[in-house]
Amino acid sequence: MEEAEYESILCVKPDVNVYRIPPRASNRAYRAADWKLDAPDWSGRMRITAKGKVAFIKLEDKVSGELFAQAPVKEYPGVAVETVSDSSRYFVLRIQDDNGEV
């Protein structure tokens, strides 16, 4: 009998902000100073979970827990999570829907 994979909660941050940022035009690193930090596009809770060898960064409504978006992280560093050159507090997530669309 195969052992079932359980989802573990690794971290919960109750207050996070999400900013829609334009795609990079060059190889230049992302900079938080280029974003409208005073006007987030979404605010909610972030939950990081793990199932098997994959971590999931989930953005959820603070009250209902409804999933807003998630980023599966199969490796780090990788395409799902990128650092920001001018801040250790901010990072870039590549989010996708259940069909794998970005």
Side-chain angles (χ1 to χ4, degrees):
M1 184 174 179
E2 242 181 78
E3 189 174 321
E5 288 188 46
Y6 293 97
E7 183 175 59
S8 302
I9 298 173
L10 305 178
C11 177
V12 176
K13 293 291 182 184
D15 293 300
V16 298
N17 293 323
V18 172
Y19 306 91
R20 186 178 306 268
I21 58 175
R24 284 187 290 203
S26 67
N27 287 343
R28 195 179 78 134
Y30 287 107
R31 291 174 28 91
D34 296 340
W35 309 341
K36 296 178 179 124
L37 297 177
D38 58 338
D41 291 298
W42 182 86
S43 294
R45 168 179 76 195
M46 179 179 71
R47 202 161 48 103
I48 302 175
T49 64
K51 190 171 186 179
K53 294 185 177 186
V54 179
F56 296 89
I57 299 174
K58 299 180 179 188
L59 304 173
E60 302 168 332
D61 183 272
K62 289 181 202 180
V63 178
S64 71
E66 181 182 353
L67 185 66
F68 169 71
Q70 73 176 350
V73 182
K74 296 178 180 151
E75 60 183 9
Y76 181 81
V79 296
V81 182
E82 292 187 53
T83 59
V84 175
S85 65
D86 62 343
S87 173
S88 61
R89 292 180 52 204
Y90 297 98
F91 53 91
V92 175
L93 283 182
R94 181 182 178 96
I95 58 175
Q96 63 186 46
D97 64 18
D98 289 338
N99 298 322
E101 298 293 321
V102 178

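Salt-bridge formation is detected for the pair Glu7/Lys58: a Lys NZ or Arg NE/NH1/NH2 atom is positioned less than 4.0 Å from an Asp or Glu carboxylate oxygen.
A single hydrophobic cluster is not seen to contain both Ile48 and Phe56; linkage of ILVMFWY side chains at heavy-atom distances under 4.5 Å, directly or through other members, places them apart. In the hydrophobic cluster analysis, where Ile, Leu, Val, Met, Phe, Trp and Tyr join through side-chain heavy atoms closer than 4.5 angstrom, Ile9 is grouped apart from Leu93. Two different hydrophobic clusters hold Val54 and Phe91 under the rule that ILVMFWY side chains link at heavy-atom gaps under 4.5 Å.
The side chain to side chain donor-acceptor pair (under 3.5 Å) test applied to Ser8 returns no partner, not counting sequence neighbours. Not counting sequence neighbours, the partners of Arg45 by the side chain to side chain contact (heavy atoms under 4.5 Å, CB included) test are Val12, Glu60, Lys62. Remark: Arg89 pairs with no residue by the side chain to side chain donor-acceptor pair (under 3.5 Å) rule, at least two apart or across chains. Considering only residues two or more places apart in sequence or on other chains, Phe68 meets the ring-ring contact (aromatic ring centres under 6.0 Å, His included) condition with Trp42. In this structure Asp41 satisfies the side chain to side chain donor-acceptor pair (under 3.5 Å) test with no other residue, sequence neighbours excluded.
Side chains of Arg47 and Thr49 form a contact here, defined as non-hydrogen atoms less than 4.5 Å apart. Considering only heavy atoms from C-beta on, Leu67 stays 4.5 Å or farther from Leu59 through its side chain. Side-chain contact between Ile57 and Gln70: absent, with no pair of heavy atoms (C-beta onward) separated by less than 4.5 Å.
Atom NZ of Lys13 and atom CG of Asp15 lie 10.5 Å apart (nearest 0.5 Å). From Glu82, atom CD reaches atom OH of Tyr76 across 9.5 Å, with rounding to the nearest 0.5 Å. We find the CZ-OG distance between Arg31 and Ser87 to be 11.0 Å, quoted to the nearest 0.5 Å.
Closest heavy-atom contact between Pro72 and Ala80: O-CB, 3.3 Å.
Hydrophobic cluster membership for Tyr19: Ile21, Tyr30, Trp35, Leu37, Val84, Tyr90, Val92 (Ile, Leu, Val, Met, Phe, Trp, Tyr linked by side-chain heavy atoms under 4.5 Å, directly or transitively).
In terms of modelled atom types and a separation under 3.5 Å, the side chain of Asp86 and the main chain of Ala32 share a donor-acceptor contact.
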